[in-house]
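Some notes on the structure that comes next.
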Amino acid sequence: MSQLEETQESLSRMQAFDAKTLAREDELGRNFDFSAIVAPASKLIRLYNQLGLSTLDDFPDAILGQIKVQADADFNRFQQALDFDPTTVQNQNPTQPRDNLIQQVISAYDPAFQKLFPFISYGTSKSVDFQRMENEARAMLQNVKDEATEITGHLTTHQEQAQEVLADVRKVAAEQGVSQQAIYFKDESESHDEAAEYWKVKTIQAAIALGIYAFCTLFIHKISWLKPEDNLQAFQLITSKVLIFGVIAYLLFLAAKNFLSHKHNAIVNKHRQNALMTYKALTDAASTAEAKDIVLNHAASCIFTPQDTGYIKNESSQGQSNPVRSVIELMPKTSMKLDG
């Protein structure tokens, strides 16, 4: 075995030694244990651990021999403490040999430090390459700067995107603020549509009932127990037939009128819903405030004035007069702003 290998073995043996095993309190009792050398032994072992095994490759055999001798000497002291047996001591008090071993371990640190300090310093200077550390620090600093620049660029891009998204959200919120109100007219339109379908069915049923009754009246006088025998009975039969026909016809008229009324209201509310849904797009397309006022006025007219649906008579004049009047009302305002 070479000198290097022997030194590495001696050094690693010291570095791996567990100082707590020196106490031996259970074996020797409190009077003869070595608990007093646990702390000094731990300190000595830490000193050996500061000398790296890889550093031994650079030392000549003479220095390796010095390190080996020192490590073996200190380990021998530990071994003596481990092998100490007070029963084998002859012709003297076992306390004296125990105290001598404790003192040897305690005083072993100073000479070991004097011997190993130059080699530990060399190993430390070898393991710490200051130039390499500086280069690595500079490289790390540059890397941090590059990453910071990249992150700043990303943040700027994301900020621009966030501003665009915020603008879109505000735009959508503004549109929703107006168009959201259209849901009321939508619900009302659907409600009238359902009612119109109901009265449509009733109108059809009343019309069928009226047709069946009219057909039956053609042959009712031929029934034996209803056949009139004189003019008075004939008058009574004619009168009853007319009254029943009038009642059924009136029910048909009411059902049809309700159907037309609900259909009218459904279409009017649909017009109002469409006016609110398209209001924002129309105002955005307007280039001037006066044009936006005109659009607003027309939208309000569509919402708050009756619309021509074709189901009710005499509504054309009501639905067409307001828009013309609204434009005329806005003309003075527009001309005043142009003159200013």
Side-chain angles (χ1 to χ4, degrees), residues 178-279 282 294-330:
V178 177
S179 60
Q180 186 179 7
Q181 307 303 318
I183 190 66
Y184 301 113
F185 296 109
K186 178 177 180 295
D187 294 340
E188 192 69 18
S189 177
E190 292 176 352
S191 175
H192 284 294
D193 264 332
E194 294 177 0
E197 289 298 322
Y198 171 81
W199 285 109
K200 178 181 177 181
V201 174
K202 296 301 180 183
T203 301
I204 294 174
Q205 292 176 349
I208 293 174
L210 182 62
I212 293 174
Y213 177 76
F215 178 78
C216 292
T217 54
L218 296 176
F219 308 99
I220 195 172
H221 63 279
K222 294 182 179 182
I223 299 175
S224 59
W225 57 276
L226 290 177
K227 185 177 181 179
E229 297 180 354
D230 52 25
N231 292 334
L232 179 60
Q233 293 181 356
F235 177 76
Q236 291 176 347
L237 179 62
I238 293 172
T239 303
S240 62
K241 289 169 61 177
V242 170
L243 289 176
I244 296 174
F245 184 88
V247 170
I248 298 176
Y250 183 71
L251 293 177
L252 174 62
F253 170 76
L254 289 179
K257 186 175 182 181
N258 284 329
F259 164 70
L260 295 177
S261 297
H262 284 295
K263 201 66 178 178
H264 170 268
N265 290 329
I267 294 176
V268 168
N269 283 281
K270 192 65 178 179
H271 281 318
R272 293 169 179 173
Q273 176 191 354
N274 293 335
L276 278 178
M277 293 294 292
T278 57
Y279 164 74
L282 294 176
I294 295 175
V295 172
L296 176 61
N297 191 274
H298 277 275
S301 176
C302 180
I303 294 172
F304 297 111
T305 59
Q307 303 297 318
D308 187 0
T309 64
Y311 287 102
I312 297 179
K313 296 181 180 180
N314 301 326
E315 61 182 357
S316 299
S317 59
Q318 295 177 0
Q320 295 177 354
S321 60
N322 288 326
V324 177
R325 185 171 65 253
S326 64
V327 175
I328 295 175
E329 290 174 353
L330 288 174

If you apply the rule side chain to side chain contact (heavy atoms under 4.5 Å, CB included), what do you find for Glu197 with Val201, and how did you get there?
CA-CA 6 Å; Glu197 289 298 322; Val201 174; 5.7 Å; no

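- Of all heavy-atom pairs spanning Ala214 and Phe245, the tightest one is CB-CE1, 4.2 Å.
- Looking only at side-chain heavy atoms (C-beta outward), Tyr213 and Lys241 come within less than 4.5 Å of each other.
- Using a 4.5 Å cut-off on side-chain heavy atoms (C-beta onward), Leu260 and His264 make no contact.
- Looking at residues two or more places apart in sequence or on another chain, you find a side chain to side chain contact (heavy atoms under 4.5 Å, CB included) between Tyr198 and Lys202.
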Side-chain atoms of residues 188-196: list all donor-acceptor pairs with protein atoms under 3.5 Å, sequence neighbours left out, distances to 0.1 Å.
unit_1: Glu188; atom_1: OE2; unit_2: His192; atom_2: NE2; d: 3.1
unit_1: Ser189; atom_1: OG; unit_2: Ala266; atom_2: O; d: 2.9
unit_1: Glu190; atom_1: OE2; unit_2: Lys186; atom_2: NZ; d: 2.7
unit_1: His192; atom_1: ND1; unit_2: His262; atom_2: ND1; d: 3.2

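- Residues passing the side chain to side chain contact (heavy atoms under 4.5 Å, CB included) test with Leu252, sequence neighbours excluded: Thr203, Ala206, Ala207, Leu210.
- In this structure, CZ in Phe185 is found 6.5 Å from CG in Asn269, a value given to the nearest 0.5 Å.
- Every residue two or more places apart in sequence or in another chain that forms a side chain to side chain contact (heavy atoms under 4.5 Å, CB included) with Leu254 is listed here: Tyr250.
- Applying the side chain to side chain contact (heavy atoms under 4.5 Å, CB included) criterion to Leu232, with sequence neighbours excluded, gives Asp230, Gln236.
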